[in-house]
Colleague: 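Quick one: this structure, given as structure tokens, is what I'll be asking you about.
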Amino acid sequence: NAGVTQTPKFRVLKTGQSMTLLCAQDMNHEYMYWYRQDPGMGLRLIHYSVGEGTTAKGEVPDGYNVSRLKKQNFLLGLESAAPSQTSVYFCASSFLRHDRNEKLFFGSGTQLSVL
Amino acid sequence: GENVEQHPSTLSVQEGDSAVIKCTYSDSASNYFPWYKQELGKGPQLIIDIRSNVGEKKDQRIAVTLNKTAKHFSLHITETQPEDSAVYFCAASPGSQGNLIFGKGTKLSVKP
């Protein structure tokens, strides 16, 4: 059981380039999330999805877009990368909404550097 | 919205000692308080959680306490071991009114 898988694990971009981060989960979870982790800032929610075909904004959505075309996949896109988007990105999933005492399952992260 | 403060940001203890990490939250509507452990190079993993109708919860060497009146909750690790070294995050959820909000993390180092 792979759980939550993120690709790629590392990426370096130049300012203005675009890229897509892929998250896949094999636990049949309804809810999926994208977080970014910055030193001294903890984990901040970018976007989330409550089911296939749905997306919603989190705390820090600007500069990112997401899509959930299939239940098992959640894509995070950067259309025009900026140095402020240098961060570690984590995808997570849960069976029910996390506020119903549901545990989040995290992937191992994507280290993104924007030069 | 909810705001979670976590202290200390770093904590160093000797193996066998106890470690305590404290968090405060601002939204009195918050009702779910999980703790996540993040080992180097990995994603966070849930280690324990508590709901607002419970004052304390234990799981072997780990315990969490909640004081709703003061709006703070704490993680207690007893008999620390080197494998407890990690970054620990607290979080609070205001239920259906919002998303899980994480503290900034505490880097715990357990020295053998």
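Naming: A, B, ... by sequence-line order, numbering from 1 per chain.
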Colleague: Tell me, for Gln6(B) versus chain A, whether the close heavy atoms (under 4.5 Å) come from the side chain, the backbone, both or neither.
Modeller: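 Contact with chain A: none, neither part.
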Colleague: Is chain A contacted by the side chain of Pro34(B), its backbone, both, or neither, given a heavy-atom distance below 4.5 Å?
Modeller: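 Nothing of Pro34(B), per the 4.5 Å heavy-atom cut-off to chain A.
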Colleague: Can you tell me which of Gln37(A), Met41(A), Arg44(A) forms the most heavy-atom pairs within a distance under 4.5 Å of chain B?
Modeller: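 Max contact count across the listed options: Gln37(A).
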Colleague: Is the ring pair Phe33(B)/Phe73(B) parallel, tilted or perpendicular, if the boundaries are 30 and 60 degrees?
Modeller: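 Answer is tilted, since the angle falls between 30° and 60°.
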Colleague: Is there side-chain contact between Tyr25(B) and His72(B), with at least one heavy-atom pair below 4.5 Å?
Modeller: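 Side-chain contact under 4.5 Å: no.
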Colleague: Taking CD in Gln60(B) as the centre, count heavy atoms belonging to other residues, nucleotides or ligands within less than 6.0 Å. Is the count above 12?
Modeller: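 Open.
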Colleague: Counting the benzene-type ring for Trp, do Tyr35(A) and Phe106(A) have ring centres under 6.0 Å apart?
Modeller: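 Yes, the ring centres sit under 6.0 Å apart.
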Colleague: Is there a donor-acceptor pair under 3.5 Å between the side chain of Glu59(A) and the backbone N or O of Leu45(A)?
Modeller: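 Yes; judged by distance alone, with no hydrogens or angles, the pair exists.
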Colleague: Can the ring centroids of His29(A) and Phe105(A) be said to lie less than 6.0 angstrom from one another?
Modeller: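 Ring-ring flag for His29(A)/Phe105(A): true, centres closer than 6.0 Å.
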Colleague: Can you pull out the residues in residues 10-20 of chain A with any heavy atom less than 4.5 Å from chain B?
Modeller: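 Near chain B, by residue number: none.
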Colleague: Determine whether the side chains of Tyr33(A) and Ser94(A) contain a donor N or O and an acceptor N or O closer than 3.5 Å.
Modeller: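 Result is yes, a qualifying pair exists.
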